[in-house]
Q: 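My structure is below; once you've seen it, I'll send some questions.
Just follow the structure's listing: the first ligand is 1, and inside any ligand the first atom is 1. Numbers here are sequence positions counted from 1.
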Amino acid sequence: MDLGMREWCHAIPKIELHAHLNGSIRDSTLLELAKGLGEKGVIVFEDVKHVIMKNGRSLPECFQLFDLYHILTTDHETVTRITKEVVEDFAAENVVYLELRTTPKKNEAKGMTKRSYMKAVIDGLRSVDTVDVAFINSSRENCLESAVSSSTHGKIERKRIFIRLLLSIDRRETTEAAMETIDLAREMKDFGVVGIDLSGNPVIGQWETFLPALKHAKDLGLPITIHCGEVPNRKEIQAMLDFFPQRMGHVCCLEDEEWRRLKSLKIPVEICLTSNVRTERVPSVEFHHFVDLYKAQHPLVLCTDDPGLFSTSLSNEYYLVAVTFGLNKGDMLQLARKAIEHVFADNGVKQYLTEIFEDAQRRLG
Ligand code: 6MZ
């Protein structure tokens with residue numbers, strides 16, 4: 001098959017490890033929700049319409065926007081709906097494994113607890129009917145059987161996407177609230193929750209506030225990924241490197257010494273190109289630290305961060321890398337495949353994904 005690079009980046013299987021649920025909502029859904037709340041008098045639709053229809057925006061503006069998103073998505077039904085749509089959108093991009101992260105939220109007015117919020121997310125996963133969603137930790141045998149049947153018997157099968165969940169701690173939260181999230185993650189291990197994320201506005205909150213909860217997660221054997229260095233903060237970046245999480249996101253504002261440590265510790269990095277350019281963390285894709293880490297053969301994974309907020313897709317992130325850095329299809333397929341090493345799911349899922357990529361190599365390599 002002779003596809004152009006953009007079509008080819010869409011066609012190859014991809015693994016998404018850094019996507020926030022509320023940052024992945026479709027514009028059309030946001031507008032519809034805003035209109036509904038406008039009619040009820042909760043918000044003034046005309047005031048928020050232009051905010052949703054986006055263009056370039058700074059990092060502080062993104063967090064203002066998330067506050068708006070969270071007003072639009074406060075009830076269980078809406079959380080279920082956006083989860084369903086986000087999974088469908090990733091599957092349409094040929095994402096075969098998605099680690100979706102979200103911050104469990106409490107909202108007394110809506111009778112929402114962190115647990116009921118997560119139940120609404122799970123309901124969303126269950127309600128997807130256009131693709132097969134595998135989200136409960138499945139046995140190795142089940143995974144292998146499905147991989148083989150879709151790749152070697154040549155049957156026309158429905159698309160299949162593996163979903164695992166990461167529970168995010170928001171940097172605005174207290175130690176107690178963060179602890180609650182860790183306990184919920186432990187409780188939900190059988191419902192596809194595989195790890196913990198620390199995210200939120202990087203200029204808010206202190207590392208010391210989250211550390212007890214992150215240590216608790218580590219003691220429980222829950223893998224952790226941390227948003228690191230979205231703003232310059234040497235003390236915090238060093239403390240995060242000392243903590244030695246399983247993965248880190250962004251790593252934009254590191255000093256030479258910290259780059260050296262990151263590389264020697266070989267902590268895999270979730271690369272969010274468009275997000276970092278849009279929020280002015282890097283001047284352009286060309287000058288993104290991706291290229292230095294890639295040349296150093298540092299473990300990394302291309303991700304979207306917030307495909308809704310930044311109007312991107314995982315296929316587009318792959319395309320940007322290919323055209324900006326001149327990587328060929330062989331390099332790109334290798335890059336996509338290497339993400340398998342960094343997923344938080346079990347070996348059965350990794351084996352399944354390996355088969356998917358071997359099949360893609362035969363068809364598209
Ligand atoms: C830090 C981010 C982020 O959890 O409500 N979030 N945190 N840096 C970023 N880069 C731009 N993008 C998203 O999804 C939205 C939440 O994810 C975090 C923020 O806490 C945001 O409120 P959920 O599903």
Q: Does ligand 1 have an atom that lies less than 4.0 angstrom from a heavy atom of Phe63?
A: yes

Q: Got the closest protein heavy atom to atom 24 (O) of ligand 1, with its distance?
A: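 The closest heavy atom on the protein side is Thr102 OG1, 2.6 Å.
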
Q: Compute the shortest N/O to N/O distance between Thr279 and ligand 1 and return yes if it is under 3.5 Å, no if not.
A: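 No, no N or O pair falls under 3.5 Å.
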
Q: Is there a nitrogen or oxygen of Lys105 sitting under 3.5 Å from a nitrogen or oxygen of ligand 1?
A: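 Between Lys105 and ligand 1, an N or O pair is found under 3.5 Å apart.
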
Q: Under a 4.0 Å N-O cut-off, is there an ion pair linking Arg247 with Asp197?
A: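 Salt bridge between Arg247 and Asp197, a charged N being under 4.0 Å from a carboxylate O: no.
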
Q: Do me a favour and list the nearest non-hydrogen protein atom to atom 7 (N) of ligand 1 with residue, atom name and distance?
A: Gly200 N, 2.9 Å

Q: Any salt bridge linking Glu187 with Arg115? Criterion: basic side-chain nitrogen under 4.0 Å from a carboxylate oxygen.
A: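 Answer for the salt bridge query: yes.
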
Q: Can you confirm if the aromatic rings of His18 and His342 lie within a centre distance of less than 6.0 Å?
A: no

Q: What atoms in ligand 1 come closer than 4.0 Å to a heavy atom of Asn22?
A: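 The list of qualifying atoms is 5 (O), 14 (O), 15 (C), 23 (P), 24 (O).
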
Q: Identify the closest protein heavy atom to atom 8 (N) of ligand 1: which residue and atom is it, and at what distance?
A: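 For this ligand atom, the closest protein heavy atom is Glu230 OE1, 2.8 Å.
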
Q: Return the option from His250, His70, Arg281, His227 holding the heavy atom at the smallest distance from atom 22 (O) of ligand 1.
A: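 Ranked by closest heavy atom to atom 22 (O) of ligand 1, first place is His70.
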
Q: May I ask you to check if ligand 1 and His20 share an N or O to N or O distance below 3.5 Å?
A: yes

Q: Strictly by modelled atom types, are Asp89 and Ser24 linked by a side-chain donor-acceptor pair under 3.5 Å?
A: no

Q: Name the closest protein heavy atom to atom 11 (C) of ligand 1, giving the residue it belongs to and the distance to 0.1 Å.
A: Asp305 OD2, 3.4 Å

Q: Short N/O distance, under 3.5 Å, between Ser275 and ligand 1?
A: no

Q: Once the angle between the rings of Phe162 and Tyr352 is folded into 0 to 90°, is it parallel (under 30°), tilted (30 to 60°) or perpendicular (over 60°)?
A: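 Judged by the thresholds at 30° and 60°, the geometry between Phe162 and Tyr352 is tilted.
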
Q: Can you figure out which of Asp306, Leu100, Asp170 has its heavy atom closest to atom 12 (N) of ligand 1?
A: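 The option holding the nearest heavy atom is Asp306.
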
Q: Measure the spacing between CE of Met248 and CE of Met240 and express it to the nearest 0.5 Å.
A: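 If I round to the nearest 0.5 Å, the distance is 7.0 Å.
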
Q: Can you tell me how the ring of Phe290 sits relative to the ring of Tyr294, calling it parallel under 30°, perpendicular over 60° and tilted otherwise?
A: parallel

Q: Starting from atom 4 (O) of ligand 1, find the nearest protein heavy-atom neighbour and note its residue, name and distance.
A: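 Of the protein heavy atoms, Thr103 OG1, 2.6 Å lies nearest.
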
Q: Would you mind listing which atoms of ligand 1 come within a distance below 4.0 Å of any non-hydrogen atom of Leu21?
A: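 In order of number, 24 (O).
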
Q: Does ligand 1 have an atom under 4.0 Å from some heavy atom of Arg172?
A: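 Arg172 does not count as a contact of ligand 1 under the 4.0 Å cut-off.
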
Q: Is the distance between the ring centroids of His20 and His227 less than 6.0 Å?
A: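 Yes, the ring of His20 comes within the 6.0 Å limit of the ring of His227, centre to centre.
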
Q: List the steps, then state whether salt bridge (Lys or Arg N to Asp or Glu O under 4.0 Å) holds for Glu32 with Lys35.
A: CA-CA 5 Å; Glu32 191 190 315; Lys35 214 172 221 170; over 6 Å; no

Q: Applying side chain to side chain contact (heavy atoms under 4.5 Å, CB included) to Asp75 and Met112, what does each step give before you reach the verdict?
A: CA-CA 8 Å; Asp75 58 82; Met112 183 183 275; 5.6 Å; no

Q: Are Arg171 and ligand 1 in contact, using a heavy-atom cut-off of under 4.0 Å?
A: no

